[in-house]
Amino acid sequence: MNICVVGTGYVGLVTGVCMSDLGNNVTCVDIDVKKIANLKKNILPIYEPGLEELIKHNKNRLSFTTNLKAAVQSAEVIFIAVGTPPKENGDANLSYVKQAAKSVGQYMNNYKIIVDKSTVPIGMGDMVGSIIKENCKNKHQYDVVSCPEFLKEGSAIHDFMNPDRIVIGADRKEAAEKVAEIFKPLNAKMVLTDMRSAEMIKYASNSFLATKISFINEIANICERVKADVKIVSEVMGMDKRIGGLFLNAGAGFGRSCFPKGVAALISIAKSEDYDPIILNAVVEVNRLQRKVVLNKIKKVLGTLEGRSIGILGIAFKPNTDDIREAVAVEIIPTLQEKGCSIKAFDPAAMENAEKELKGVKFCKDAYAVAKDVECLVVLTEWNEFKELDFEKIKKLMKKPVIVDGRNIYDPKTMKKAGFEYVGIGRG
Ligand code: NAD
């Protein structure tokens, strides 16, 4: 099938590349001229395990361009995968989706299926349809389909290739079936439903996962007070199939990926329909306070923050990605600086993005360089390489052997034995 993907970010690039691997001819389009020029030279705009190899493997079925008109006209199915970042009030900014729909409408030369892969509020599929109708001068036929994306940065290719389910929402069965054909080689469970339910499934799923994280963080805060260990509590809770062990890790709270903006957008949707979403409001509030929990722990172990030197391990919002948007580190580092701390930091993949975003930070080449002469090491991303450090060496390098583990990656007893003052989250 000839496919066009509008928007070559985390989702557009990964889904475009993976769809080419399933045997389709895929043209990835972006308005970012530099991004496309780099992709043509095999320079990737994001870090995602396995992506570079898959692009090389499918180079005969895959192309990158800024020419949306040509890409739309040669495609049967057009995926919209542009960003929907949060606005100040929590609503999703839909201007990119609207602009993409407008251009697709203007350039259509025959019947097209337009698939919305961006995460959009309920009803946006209908709006995309209206925009296309308004802008398609020759009144070509079209169908709009909602196909929300559930991949996770850091394991995006694996997630695309092994989905728990594929959701396809459409008003016309024929359009849904045509889109389902693309994913058929995956042998995955497919759910064909209406557009609004498909859009809601995405928001509800993200919000539920965010709820699990805020829930376990609340339990962690109680554990600390009653001297229980949240790591054991969550592990055993997760053994119950009704609960499940994933997304039950207590820590510094959730950052980007779709959680903060997904929950904020669902709250905003509910409020616009005169419904006050009590649980969702609490999920956001617990997450906001969890940053303070980490800050307070740092302050408590150091006595004061004024004039302290702190080393940060991990800046990305999660391991195996270079994405730092709304990452915990991006919020905590400037606060620590405001309180008078000097900051050194390292992340295995996100240094380039971090250098653009964070000012006054001394970026280091590895965890050991971060540890040198600092009074406290703070873990904010659970990268595997931080789990296996040489702590003898780390201890010798640090001014004071203090670790605040915002992701609970170390065992408190082992760290104590190794001579560290160790503070985790909920490890009462
Ligand atoms: P992104 O910001 O990484 O990429 C968006 C891309 O779209 C950018 O490269 C931008 O230049 C391009 N773009 C904007 N307007 C365009 C236009 N008119 N024509 C062509 N290109 C245009 O965003 P992302 O993280 O890939 O997210 C895309 C959507 O997928 C969002 O709605 C997001 O919520 C959703 N989503 C993201 C993830 C994730 O983990 N990143 C997972 C599931 C769903």
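As the structure lists them, so they are numbered: ligands from 1, and atoms in each ligand from 1.
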- Message: Heavy atoms only: which of L94, V33, V11, V5 lies closest to atom 38 (C) of ligand 1?
- Response: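 Checking each option, the heavy atom nearest atom 38 (C) of ligand 1 is found in V11.
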
- Can you find an N/O atom of Q99 closer than 3.5 Å to an N/O atom of ligand 1?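 Looking only at distances, the answer is no, because the N/O contact criterion of under 3.5 Å is not met.
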
- Query: Do any N/O atoms on E149 end up under 3.5 angstrom from N/O atoms on ligand 1?
  - Reply: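 No: no nitrogen or oxygen of E149 is under 3.5 Å from one in ligand 1.
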
- Message: Using heavy atoms and a 4.0 Å limit, tell me yes or no: is R325 in contact with ligand 1?
- Response: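 It does, in that a heavy atom of R325 comes within the 4.0 Å cut-off of ligand 1.
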
- Message: How about CD on E174, more than 12 heavy atoms from neighbouring residues, nucleotides or ligands closer than 6.0 Å, or not?
- Response: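 Yes, the 6.0 Å shell around CD holds more than 12 heavy atoms from other groups.
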
Using distance alone, with no hydrogens and no angle criterion, decide if [X] and [Y] have a side-chain donor and acceptor under 3.5 Å apart.
| X | Y | value |
| --- | --- | --- |
| K112 | N110 | yes |
| K362 | S342 | no |
| N408 | E382 | no |
| K387 | N384 | yes |

- Relative to ligand 1, is K152 under 4.0 angstrom through side chain, backbone, both or neither, heavy atoms considered?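 K152 to ligand 1: no contact under 4.0 Å from either part.
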
- Item | Which segment of A81 sits under 4.0 Å of ligand 1 when only heavy atoms are counted |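 Near ligand 1, A81 shows its backbone, while the atoms from C-beta on stay back.
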
- Message: Could you tell me, atom by atom, which parts of ligand 1 come under 4.0 Å of a heavy atom of T119?
- Response: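 Per the distance check, 31 (C), 32 (O), 33 (C), 34 (O), 35 (C), 36 (N), 44 (C).
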
